[in-house]
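Down below is the structure, laid out as structure tokens.
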Amino acid sequence: MTGNNEKTTIVLFSGELDKAIAAFIIANGAAAYDHDVTIFFTFWGLNALRKDEQVALKKGFLEKMFAKMMPRGANKLGLSKMNFGGMGPKMIKHVMKKHNVLTLPELIELAQEQGVKLVACTMTMDLLGLQKEELMDGIEYAGVAAYLGDAVDAKVNLFI
């Protein structure tokens with residue numbers, strides 16, 4: 001963050017496709033207006049940062065169970081409403097493509113290109129048994145104190 005621009009922070013708590021898309025559309029819009037943007041990923045929001053492929057790591061039983069139950073990456077997130085056993089996300093992705101809306105992976109890539117700071121909550125990673133190797137490249141790792149450091153000076157703070 002440069003320190004001279006307006007600041008926007010977003011806590012992405014949800015691991016649902018529609019909410020993650022909204023968070024990234026807002027983040028990219030704010031970045032386009034020269035805001036310094038931080039997205040702090042915690043709990044289920046961390047799933048948007050997971051790599052699509054499985055990473056072989058040593059884990060305990062509970063960590064393995066969390067890994068199996070949680071969606072692996074932005075392409076696997078379900079919808080908050082009308083998920084319909086996986087049909088909802090397919091339908092919304094079709095409509096988005098028809099209307100030339102960027103996909104969630106494309107929105108994430110654009111955010112990184114625009115310098116949006118993507119921060120994975122290390123405490124939640126510990127709780128869910130997620131390791132850095134399982135998350136995408138180019139992100140930062142920090143606790144709530146680091147997020148609060150960004151949020152304290154921000155005029156826009158969102159919880160999604």
Side-chain angles (χ1 to χ4, degrees), residues 1-57 59 63 66-80 89 92-93 96-97 100-160:
M1 291 198 178
T2 62
N4 296 329
N5 298 337
E6 298 288 337
K7 292 178 175 46
T8 296
T9 67
I10 300 170
V11 174
L12 186 56
F13 177 84
S14 173
E16 296 164 324
L17 177 65
D18 44 329
K19 294 177 184 177
I21 288 170
F24 275 95
I25 288 173
I26 293 167
N28 281 309
Y33 281 101
D34 289 328
H35 286 215
D36 292 329
V37 183
T38 297
I39 305 177
F40 185 74
F41 297 82
T42 189
F43 283 90
W44 316 122
L46 284 167
N47 289 318
L49 298 179
R50 289 182 75 194
K51 292 177 180 171
D52 293 333
E53 70 277 0
Q54 188 171 354
V55 179
L57 296 166
K59 290 188 170 198
E63 293 167 327
F66 269 124
K68 285 187 186 298
M69 292 187 297
M70 295 186 304
R72 188 177 292 119
N75 282 317
K76 299 279 195 276
L77 301 181
L79 289 176
S80 62
I92 197 72
K93 287 175 187 177
M96 288 171 64
K97 185 176 183 178
N100 296 315
V101 176
L102 296 177
T103 64
L104 180 56
E106 291 168 336
L107 288 167
I108 294 170
E109 185 178 338
L110 178 60
Q112 289 183 300
E113 288 171 5
Q114 292 196 91
V116 172
K117 187 160 87 170
L118 307 179
V119 183
C121 176
T122 51
M123 183 199 74
T124 304
M125 288 175 64
D126 289 344
L127 289 174
L128 299 178
L130 289 172
Q131 297 176 26
K132 290 179 181 179
E133 294 83 0
E134 296 176 87
L135 302 183
M136 60 190 301
D137 296 331
I139 64 173
E140 297 180 30
Y141 300 88
V144 71
Y147 166 73
L148 291 172
D150 289 338
V152 73
D153 294 325
K155 288 190 177 177
V156 179
N157 294 295
L158 303 174
F159 188 90
I160 301 174

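All values below were derived from every heavy atom in this structure, side-chain atoms included, with hydrogens, water molecules and symmetry-related copies excluded.
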How many angstroms lie between atom CG of L102 and atom NZ of K97, to the nearest 0.5 angstrom? 13.0 Å

Donor-acceptor check, side chain of K19 to backbone of G45, threshold 3.5 angstrom: yes or no? no

Check ring-ring contact (aromatic ring centres under 6.0 Å, His included) between F43 and all other residues, then give those that pass, not counting sequence neighbours. F13

Please answer whether the main-chain N or O of P71 pairs with a side-chain N or O of R50 as donor and acceptor at a distance below 3.5 Å. yes

L77 side chain near W44 side chain, heavy-atom distance below 4.5 Å: no

Side chain to side chain contact (heavy atoms under 4.5 Å, CB included) filter on I92, not counting sequence neighbours, yields L17, L79, M96

Residue pairs fulfilling salt bridge (Lys or Arg N to Asp or Glu O under 4.0 Å) with at least one residue in residues 103-116, sequence neighbours excluded: none

Summary of ring pair (Phe, Tyr, Trp, His ring centres under 6.0 Å) pairs that have at least one residue in residues 102-126, sequence neighbours excluded: none

Please find the pair of heavy atoms, one from G143 and one from F40, that lie closest to each other, and give the distance. O-CE1, 3.6 Å

Test side chain to side chain contact (heavy atoms under 4.5 Å, CB included) applied to N5 and H35, step by step: CA-CA 5 Å; N5 298 337; H35 286 215; 5.7 Å; no

Contacts of A151 meeting side chain to side chain contact (heavy atoms under 4.5 Å, CB included) (sequence neighbours excluded), chain-then-number -> T9, Y147, N157

Not counting sequence neighbours, list each pair that qualifies as a side-chain hydrogen bond (donor to acceptor under 3.5 Å, both in side chains) and has a residue in residues 20-33. N28-Q114

Going by the rule side chain to side chain contact (heavy atoms under 4.5 Å, CB included), which residues pair with V144 if we only count those two or more places apart in sequence or in a different chain? L148

The single option from D150, D153, T38 that satisfies side-chain contact (heavy atoms from CB on, under 4.5 Å) with K7 is D153

Write out all pairs satisfying side-chain hydrogen bond (donor to acceptor under 3.5 Å, both in side chains) with one or both partners inside residues 121-139, taking only residues at least two apart or from two chains. T42-T124, K59-E134

Please name all residues satisfying side-chain hydrogen bond (donor to acceptor under 3.5 Å, both in side chains) with D52, sequence neighbours left out, ordered by chain then number. none

Would L118 and I108 satisfy side chain to side chain contact (heavy atoms under 4.5 Å, CB included), going step by step from the backbone distance to the final call? CA-CA 9 Å; L118 307 179; I108 294 170; 4.3 Å; yes

With A120 via side chain to side chain contact (heavy atoms under 4.5 Å, CB included) - residues at least two apart: L46, L49, M125, L135, I139, Y141

